[in-house]
Amino acid sequence: MSQDELRIQSQYVLPDNTDKIPLRDMPKDQSQYQKRLEAKNSSIIHRTKEEKLCNYIAMGETCKRETCRLSHDISAYLKTRQNDQAQTTPCLFSQKGYRCPYGVRCIHFLSHTTVSEETVVDEAGNEQKTLVPHFTDHEKAFPPPEQNDLSLELKERIRKNKYNYNLSKSIIVPQMNTLFPPNPPQKSKPDTSDVQPTPDIQPLKREHSDGNDTIDTVLSKDKCEDQSSIIYPEKEPDTTSKPGKFHNKLYLAPLTTVGNLPFRRICVEFGVDMTCSEMVLARRICEGTNSELSLLHRHPSETCFGVQVAASHVDKLSQTVEMILKECKPGVDFFDFNSACPVDQFCNQGMCAALLDRPRRLEQLVRGFSLSIKTVSDSLGVQPVPLLVKMRMGVSDNKITAHKYVPHLKREWGVEALVLHGRTKQQRYSKLADWEYIGRCYRDSRLVSSLLPPPTSGEHDDSPLSIFGNGDVFNWRDAAAALDGIETELGRTNPVCDSIMVARGALTKPWIFSEIKARKDMDISATERLEIIRRYSEYGMEHWGSDSQGVEKTRQFLLEWLSFLYRYVPVGLVEGGVLAEWQNGQAIRPDFVTSPVFELSASNRQQLNVRYPRYTGRNELETLLSSDKASDWISITEMFLGKVPDGFQFHPKHKSNAY
């Protein structure tokens, strides 16, 4: 066994020849695209088999549409119903004292609806027998809509390009065009005699400067070199005394597909401080795409909620900010600009991590974002929300550029915090994150703050740029080392960031936020892990719906999450764990979590990018939850969402060579 592998107690370790084949090692008889397409089509086929019943009829009302293409025949609908075995359990809306908004379409409709056969007379005067629903919860109120939910009328105006973006069109975009004039169309033989080259980011001037000495001459030019050769000022400033505005926060990363509202609710229960929507594209928001607008929804338990936006043009970005700040209630607590996503689909459109190699365009977008927030907030008479920018180190190993933006982000561009992922676009999620580089940028942010003169206006405070470290955080020791420093043979190292962003670590164990705050390793039992899955299923049906379509959507997202969740190795199976006490009053954990906590050796803990030995659990349920087979994940979903239709199959969307 390699010394990098997690050491599990020998009685739980399985031999290498055990029939437990990871999904990524399955025979590749079909292309990945074909497998995913088949899995997607299986769900579509299931939904089309079921009769689509009009919602008005499902609620026992008369259809109000002039032309309705949906079925009005309850008898025909009930004959095509699936998942009827789940109807014996109570409806989750009725349990909370609300009227179910899905009527007979709800998979639990028998708990709040009775259906009787009655004789009715149709328009031609003919008598016919039909099924009529009678609701036992008709006097109750419907559940309140989710926060930041837009009305149908507003969505229609956005979709038809009739929404009034007056601030964006009259103030923000003209101002940005003045600062960054668009390039004129090139002729076949352009006259370049009087054309000046496009300047790079201009260096910031130091206080009492002679014009040649800039902040950039003080900071390190090449972060890959030893910083001992850098010449600092005669009196080196105190770079650790003043914290940034975002200090000692735990931030759940915006996770595409799996970072949905039900998952964020789970993480809130375990004490995360900041949550964020999945990445939204400014262009699709302006087009009024329903799937994109739904990403803006937040739950009341998300006390600090932000929206992450990706864009390649200032006009669409400013329009997105204007609409969100004006229309979303209660709105957002911060914005996050994405210049870190490495996916080629977005980078090829001139957004996300591709911007790191285009400094002028990146500056234009970030400054336009900041100006949009301030302009719209001033018009509404409210305080502007902070702007965060997420970056990677650069586009490739030989193009490390993030440190070049640190001196300019706060004072010039209006950014409150930089979320820095310690990898390049080229690395994706392979190799380990470079926390040493994050620490250098953190030090530079303190140095810049101390060298610049105090701000002359109230637009900026004198606190330094906050740095969020991101990459491979999977246990509380990783976070503690970044936030507090660690003890070494040469003494204690300095902190490398203000706050922590957690991404894949939260997918594998969402209780990581409790562990970080308590500084303990939690031995979550299999029963408690199953309760987390049950809660996710309930939250999913509240969010996507308790009808058949909503249930299958919940199942699909739950299966995506289970493809990460199975990777967790229970702390109680690890060698050398010592029982400890839950003492930290700041740590938060749900009432149903009562399992003991441990103190593991710093050298024997699960790491994010290291595969663990195969093992069997302490009971059958724990073994099932550790399975890497999609068929076992499906059986777990059937415990809470009912049987899957015949022919259903699942292949994870987020399969990669990085663990």
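Panel note: side chain Asp632, backbone Ser635; no donor-acceptor pair is recorded below 3.5 Å. With Ser627 contributing its side chain and Leu624 its backbone, the two residues share no donor-acceptor pair below 3.5 Å. Between the side chain of Ser514 and the backbone N or O of Phe270, at least one donor-acceptor pair lies under 3.5 Å. For the pair Lys249 (side chain) and Met274 (backbone), a donor-acceptor distance under 3.5 Å is absent. The backbone N or O of Asn248 lies less than 3.5 Å from a partner atom in the side chain of Ser499, making a donor-acceptor pair. With Thr424 contributing its side chain and Met393 its backbone, the two residues share no donor-acceptor pair below 3.5 Å. Asp273 places no side-chain N or O within donor-acceptor distance of the main-chain N or O of Tyr251, the cut-off being under 3.5 Å. Between the side chain of Arg392 and the backbone N or O of His421 there is no donor-acceptor pair closer than 3.5 Å. In this structure, the side chain of Trp633 does not engage the main chain of Leu558 through any donor-acceptor pair within 3.5 Å. Proximity of a side-chain donor or acceptor of Lys509 to a complementary backbone N or O of Phe474 within less than 3.5 Å is detected.
Of all heavy-atom pairs spanning Gly469 and Trp435, the tightest one is C-CH2, 3.4 Å. Taking every heavy atom of both residues into account, Arg529 and Pro570 meet most closely at NH1-CG, 4.0 Å. Residues Val307 and Ser277 approach most closely at CA-OG, 3.4 Å, considering heavy atoms. Across every non-hydrogen atom of Ala310 and Cys352, the tightest pair is CB-SG, 4.0 Å. What you find for Asp336 and Cys276 is that their closest heavy atoms are CB-SG, 4.3 Å. Contact between Met501 and Asn470 at its shortest, heavy atoms only, is O-ND2, 3.3 Å.
Counting only heavy atoms from C-beta outward, the side chains of Ser466 and His247 never approach each other to under 4.5 Å. Between Tyr98 and Pro144, the closest side-chain pair of non-hydrogen atoms falls below 4.5 Å. For the pair Leu420/Tyr437, a side-chain contact is recorded, criterion being any heavy-atom separation below 4.5 Å from C-beta on. Side-chain atoms of Arg428 and Val343, non-hydrogen and from C-beta on, do get closer than 4.5 Å to each other. Using a 4.5 Å heavy-atom cutoff, the side chains of Ile533 and Leu625 are in contact. Side-chain contact check for Pro510 versus Leu565: some heavy-atom pair is nearer than 4.5 Å. Contact check for Pro330 versus Asn148: side-chain heavy atoms found under the 4.5 Å cut-off. Taking the side chain as every heavy atom from C-beta outward, Leu530 and Thr527 never approach each other to under 4.5 Å.
Salt bridge Asp472/Arg504: present, at least one basic N to carboxylate O contact under 4.0 Å. Salt bridge status for Arg534 with Glu538: present, with a side-chain N to carboxylate O gap under 4.0 Å. The residues Asp547 and Lys553 are annotated as not salt-bridged, no charged nitrogen and carboxylate oxygen being separated by less than 4.0 angstrom.
For the atom pair CE (Met639) and OG (Ser537), the distance works out to 10.5 Å, reported to the nearest 0.5 Å. The line from NE2 of His112 to SG of Cys106 is 4.0 Å long, rounded to the nearest 0.5 Å. A distance of 10.5 Å separates CD in Gln549 from OG1 in Thr554, rounded to the nearest 0.5 Å. In this structure, CG on Asn338 lies 12.5 Å from CD on Glu278, to the nearest 0.5 angstrom. From Ile516, atom CD1 reaches atom CG of Leu483 across 8.0 Å, with rounding to the nearest 0.5 Å. Met279 CE to Leu255 CG: the interatomic distance, rounded to the nearest 0.5 Å, is 12.0 Å.
A side chain to side chain contact (heavy atoms under 4.5 Å, CB included) with Ile467 is found for exactly one of Ile438, Val496, Val419, namely Ile438.
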The test is side-chain contact (heavy atoms from CB on, under 4.5 Å); show your working for His299 and Phe305 and say whether it passes. CA-CA 9 Å; His299 189 264; Phe305 171 78; over 6 Å; no

Given the rule in the side-chain contact (heavy atoms from CB on, under 4.5 Å) test, do Met541 and His108 qualify, once you have shown the distances and angles that lead to the verdict? CA-CA 11 Å; Met541 287 189 286; His108 311 288; 4.2 Å; yes

For Asp521 and Trp476: C-alpha separation, side-chain torsions, deciding distance, then whether side-chain contact (heavy atoms from CB on, under 4.5 Å) applies. CA-CA 8 Å; Asp521 298 288; Trp476 67 265; 3.4 Å; yes

Going through the checks in order, is the side-chain contact (heavy atoms from CB on, under 4.5 Å) test met by Leu573 and Tyr615? CA-CA 9 Å; Leu573 306 186; Tyr615 69 93; 3.5 Å; yes

Glu269/Arg265 under salt bridge (charged side-chain N to carboxylate O under 4.0 Å, His left out): CA gap, chis, key distance, verdict: CA-CA 6 Å; Glu269 292 178 350; Arg265 289 181 65 179; 5.8 Å; no

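For Thr637 and Arg555, the side-chain atoms include at least one donor-acceptor pair closer than 3.5 Å. Looking at Glu302 and Thr275, their side chains do bring a donor and an acceptor atom within 3.5 Å of each other.
Other residues, nucleotides and ligands contribute more than 12 heavy atoms inside 6.0 Å of the NZ atom of Lys140.
The aromatic rings of Phe246 and Phe468 sit tilted, their planes meeting at an angle between 30° and 60°. Taking the six-membered ring where tryptophan is involved, the planes of Tyr102 and Phe93 are tilted, since the angle between them lies from 30° to 60°. Below 30°, between 30° and 60°, or above 60°: for Tyr536 and Trp544 the angle between ring planes is between 30° and 60°, a tilted geometry. Note: Trp561 and Phe263 have perpendicular aromatic rings, judged against thresholds of 30 and 60 degrees for the angle between ring planes.
A cation-pi arrangement is present between Arg567 and Phe564 under the rule of less than 6.0 angstrom and at most 45 degrees off the ring axis.
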